[in-house]
Amino acid sequence: MTAVALALLRLAGAGLICGGLLALGGTGSRREILRFGCACLMVILVLDLLRQADLLETFPSRYEAQVREQVDAALEEGRRARLEETALALSRELERQAAAMELDCAVEVDCQADETGLVTVQRVTVCYRSGPRSRLQELRQSIAAQLAVPADNITIREETVP
């Protein structure tokens, strides 16, 4: 049984005993003496509970590491999900822009976020399917300008259709 549950059980038991004694104690000075004794008993129990300093110190710290791990895991999962959403949104937008240039392409964007949450594009891969090849260089320059990624990190490869 945990220390908190034990302390609450002791206080509840003492309260029941005091309530029974006061109900059977009669009237007058005897009742007042019982009331004073019950108050003293409750004060002693509460002070004994407070004297157990490890109860107040270890109870929160026991779960603190576990809660901290869960919070860190949830934050990391949220960061990863937002990063994936960002990469997907950028890929879709670049595919839309390629389609506006009459290019049929699939675009994959690899992003990375630092500890502050700043997202940078590391690499862009364009899988060219069809369209005017003369516009591929224009697409590469557009991607480099928009995403601030070096042209060397933009790979354009021709996708072979079986």
Side-chain angles (χ1 to χ4, degrees), residues 1-16 18-19 41-162:
M1 186 177 289
T2 66
V4 173
L6 183 62
L8 290 176
L9 187 63
R10 288 171 70 191
L11 286 173
L16 288 173
C18 287
L41 176 65
M42 296 302 266
V43 167
I44 289 170
L45 286 176
V46 169
L47 289 177
D48 184 52
L49 176 66
L50 293 177
R51 183 182 58 85
Q52 297 174 355
D54 64 324
L55 169 70
L56 299 176
E57 292 173 5
T58 61
F59 180 71
S61 65
R62 182 182 313 166
Y63 301 105
E64 186 176 354
Q66 182 181 6
V67 170
R68 187 177 311 254
E69 287 175 10
Q70 290 175 349
V71 167
D72 289 343
L75 287 173
E76 183 59 35
E77 178 66 29
R79 279 192 282 272
R80 194 176 71 232
R82 283 191 305 275
L83 190 61
E84 289 174 6
E85 288 173 13
T86 301
L88 184 63
L90 287 172
S91 296
R92 297 298 170 246
E93 176 58 23
L94 292 174
E95 288 173 0
R96 187 194 65 76
Q97 290 177 13
M101 295 177 167
E102 301 173 358
L103 294 169
D104 182 19
C105 299
V107 179
E108 183 180 329
V109 177
D110 293 325
C111 297
Q112 191 174 30
D114 62 7
E115 60 277 348
T116 63
L118 180 65
V119 176
T120 56
V121 176
Q122 299 298 311
R123 181 172 316 283
V124 177
T125 305
V126 178
C127 294
Y128 169 75
R129 294 183 190 125
S130 64
R133 288 185 184 276
S134 59
R135 297 221 172 156
L136 288 175
Q137 189 58 28
E138 182 182 339
L139 178 64
R140 180 187 302 246
Q141 292 171 350
S142 174
I143 292 172
Q146 290 179 41
L147 300 180
V149 66
D152 295 342
N153 291 359
I154 302 171
T155 305
I156 298 177
R157 62 176 189 230
E158 189 166 342
E159 190 173 274
T160 58
V161 180

query: How many angstroms lie between atom OG1 of Thr120 and atom CG of Asp110, to the nearest 0.5 angstrom?
result: 11.0 Å

- request: Apply side chain to side chain donor-acceptor pair (under 3.5 Å) to Thr116 and list each qualifying residue two or more places apart in sequence or on a separate chain.
  value: Asp114

- request: Apply side chain to side chain donor-acceptor pair (under 3.5 Å) to Ser130 and list each qualifying residue two or more places apart in sequence or on a separate chain.
  value: none

query: Residues two or more places apart in sequence or in another chain: which of them pass side chain to side chain donor-acceptor pair (under 3.5 Å) with Glu84?
result: none

field: With sequence neighbours excluded, residues passing salt bridge (Lys or Arg N to Asp or Glu O under 4.0 Å) with Arg10
entry: Asp48

With sequence neighbours excluded, residues passing side-chain contact (heavy atoms from CB on, under 4.5 Å) with Leu75: Val71, Arg79

task: Mind checking salt bridge (Lys or Arg N to Asp or Glu O under 4.0 Å) for Arg133 and listing every partner two or more places apart, or none if nothing turns up?
output: Glu158

message: If the condition is salt bridge (Lys or Arg N to Asp or Glu O under 4.0 Å), which residues does Arg68 pass it with, not counting sequence neighbours?
response: Glu64

field: Flag side-chain contact, heavy atom, 4.5 Å: Val121 against Ile143
entry: no

- request: With sequence neighbours excluded, tell me which residues meet side-chain contact (heavy atoms from CB on, under 4.5 Å) with Val119.
  value: Leu83, Thr86, Cys111, Ala113

- request: Using the salt bridge (charged side-chain N to carboxylate O under 4.0 Å, His left out) rule, collect all pairs that involve residues 135-147, keeping only residues at least two apart or in two chains.
  value: none

task: May I have all residue pairs that pass salt bridge (charged side-chain N to carboxylate O under 4.0 Å, His left out) and include part of residues 92-103, sequence neighbours excluded?
output: Arg92-Glu95, Glu93-Arg96

statement: Hits for salt bridge (Lys or Arg N to Asp or Glu O under 4.0 Å) against Glu69, two or more places apart or cross-chain, chain-then-number order -> none

field: Pairs satisfying side chain to side chain donor-acceptor pair (under 3.5 Å), at least one member in residues 142-154, at least two apart
entry: Gln97-Gln146, Ser142-Gln146

- request: Please examine the side chains of Leu103 and Val126, heavy atoms only from C-beta on, and report whether any two atoms are closer than 4.5 Å.
  value: no

